[in-house]
Amino acid sequence: MSYKAIETGAFRSLTRLRQLYLQNNCLHALHSGIFSMLQHLEVLNLEGNVIKHIAPGVFASLSSLALLNLVHNKIEHIRFKTFLSLQTPGTHILLSDNPWFCDCDLQRVFAKLHSVRRLILDDYRNVTCLEPQVLRDLPLSSVDTQLCIAETVTVLVITFTVFVTVVAAIVMAERNRKKRTGKHWSEDSEVSYESHH
């Protein structure tokens, strides 16, 4: 029997549950509240489903989680907040074999996840890109520093363009001011020169 969805409160009476194996079902999404009563859960195996959407607070109540397995699903992108809610020191997270869309946002999410000491991304070296096509089958770890370069270059070009425009406007304004004050000054000097003779 395979499941396509988990109803909120489905595990309400299983408050002492330590391991939950939901691998190889047809789960499409993980909605907030579905694991809310599982404070003692240590292992959550969701491998081999078709999970594409994970609500940011879905893991918040799992205060004892040691292993979260999301291998072989349909996850293309994930939000940092999704895992930040895991408060157990040393939570191991498995994320390989998903169709990751490798872009600057994903690179930032993984960079932030690496900076959270209580989370351990065991299979990060095996997380590979499916999209964009030019990165297909490349490990995210080998391209992650390059993903934001185009965005950084764009920001630098825009900053430089704005800077040049502002400098040009200041120069033009100064020239116009000098032309205006220059005429008055020369007229005043001629008048004062003639008055001294």
Side-chain angles (χ1 to χ4, degrees), residues 2-3 5-6 10-11 14 16-132 134-149:
S2 78
Y3 296 95
I6 301 171
F11 307 111
L14 303 173
R16 292 262 180 237
L17 190 67
R18 294 196 181 282
Q19 298 180 356
L20 182 57
Y21 295 93
L22 294 169
Q23 71 271 19
N24 301 318
N25 281 286
C26 296
L27 299 174
H28 291 272
L30 300 176
H31 301 288
S32 291
I34 60 174
F35 303 121
S36 63
M37 300 303 289
L38 301 177
Q39 291 89 350
H40 299 285
L41 194 68
E42 296 171 1
V43 175
L44 178 55
N45 189 343
L46 295 160
E47 181 177 353
N49 281 282
V50 287
I51 298 167
K52 188 169 185 166
H53 173 74
I54 301 175
V58 72
F59 304 122
S61 63
L62 303 179
S63 55
S64 301
L65 197 65
L67 175 65
L68 174 59
N69 185 347
L70 289 164
V71 170
H72 195 66
N73 276 283
K74 300 292 181 193
I75 306 167
E76 295 175 3
H77 211 278
I78 199 135
R79 295 176 61 184
F80 175 58
K81 291 179 182 178
T82 303
F83 298 123
L84 188 61
S85 63
L86 289 168
Q87 297 298 318
T88 313
T91 300
H92 293 262
I93 303 172
L94 302 172
L95 294 165
S96 63
D97 204 16
N98 278 289
W100 295 105
F101 186 89
C102 296
D103 61 4
C104 189
D105 288 337
L106 188 68
Q107 185 270 329
R108 286 184 180 138
V109 168
F110 275 96
K112 288 178 187 176
L113 287 173
H114 282 296
S115 72
V116 179
R117 293 181 186 262
R118 68 179 178 274
L119 301 178
I120 302 162
L121 303 175
D122 285 326
D123 62 349
Y124 178 64
R125 297 265 177 228
N126 297 325
V127 172
T128 56
C129 304
L130 182 66
E131 296 293 334
V134 296
L135 300 177
R136 181 162 288 171
D137 298 327
L138 290 175
L140 178 60
S141 61
S142 70
V143 297
D144 65 353
T145 56
Q146 302 162 25
L147 293 173
C148 293
I149 288 176

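Every value quoted in this text rests on a predicted model; they were computed, and no experiment measured them.
- When atom types are taken as modelled, the side chain of Asp97 and the backbone of His72 share no donor-acceptor pair closer than 3.5 angstrom.
- Under a 3.5 Å cut-off, the side chain of Asn126 and the backbone N or O of Leu95 do not form any donor-acceptor pair.
- Under the 3.5 Å distance criterion, the side-chain polar atoms of Arg118 are left unmatched by any main-chain donor or acceptor of Thr88.
- Looking at heavy atoms from C-beta onward, His28 lies out of side-chain contact with Lys52 at the 4.5 angstrom threshold.
- In this structure, the separation between CG on Asn98 and CD1 on Ile51 is 8.5 Å, given to the nearest 0.5 Å.
- Atoms CD1 and CG, from Ile93 and Leu113 in turn, are 6.5 Å apart once rounded to the nearest 0.5 Å.
- At a cut-off of 3.5 Å, with distance as the only test, no side-chain donor of Arg18 or His40 sits close to an acceptor on the other residue.
- Residues Leu138 and Thr128 are not in side-chain contact: their nearest non-hydrogen atoms beyond the backbone lie 4.5 Å or more apart.
- In plain terms, the two heavy atoms of Pro56 and Ser85 that are nearest each other are O-OG, 3.9 Å.
- Pairing each heavy atom of Ile6 with each of Phe11, the nearest pair is CG2-CE1, 3.6 Å.
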Pair Leu62-Gln39, side chain to side chain contact (heavy atoms under 4.5 Å, CB included): steps then yes or no = CA-CA 5 Å; Leu62 303 179; Gln39 291 89 350; over 6 Å; no
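- The shortest non-hydrogen separation linking Glu131 to Phe101 is CB-CD1, 3.2 Å.
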Evaluation steps, side chain to side chain contact (heavy atoms under 4.5 Å, CB included), between Val143 and Cys129 = CA-CA 9 Å; Val143 297; Cys129 304; 4.2 Å; yes
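- We find the CG-CZ distance between Asp103 and Arg108 to be 9.5 Å, quoted to the nearest 0.5 Å.
- For the residue pair His77 and Leu106, the shortest heavy atom distance occurs at NE2-N, 3.4 Å.
- The shortest heavy-atom contact between Thr91 and Leu65 is OG1-O, 2.8 Å.
- The distance from atom CZ of Phe83 to atom CG of Leu68, rounded to the nearest 0.5 Å, is 6.0 Å.
- Looking at Ser61, its side chain never comes within 3.5 Å of a backbone N or O of Met37 through a donor-acceptor pair.
- Under the 30°/60° scheme for interplanar angles, the aromatic rings of Trp100 and Phe110 are found to stand perpendicular.
- With rounding to the nearest 0.5 Å, the separation of OG in Ser63 from CG in Leu38 is 10.0 Å.
- A donor-acceptor contact closer than 3.5 angstrom links the side chains of Asp123 and Ser96.
- Residues Leu94 and Leu67 form a side-chain contact, since some pair of their non-hydrogen atoms from C-beta on lies under 4.5 Å apart.
- Closest of all the heavy-atom pairs between Tyr124 and Ser141 is CE2-CB, 3.4 Å.
- Rounding to the nearest 0.5 angstrom, the gap separating the CG atom in Leu14 from the CG atom in Leu20 is 8.5 Å.
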Please report, to 0.1 Å, the donor-acceptor pairs under 3.5 Å made by any side chain of residues 43-50, with sequence neighbours excluded.
unit_1 : atom_1 : unit_2 : atom_2 : d
Asn45  : OD1    : Glu47  : N      : 3.0
Glu47  : OE1    : Asn69  : ND2    : 3.0
Asn49  : OD1    : Asn25  : N      : 3.1
Asn49  : OD1    : Cys26  : N      : 3.4
Asn49  : OD1    : Leu27  : N      : 3.1
Asn49  : ND2    : Leu22  : O      : 2.9
Asn49  : ND2    : Leu46  : O      : 2.9

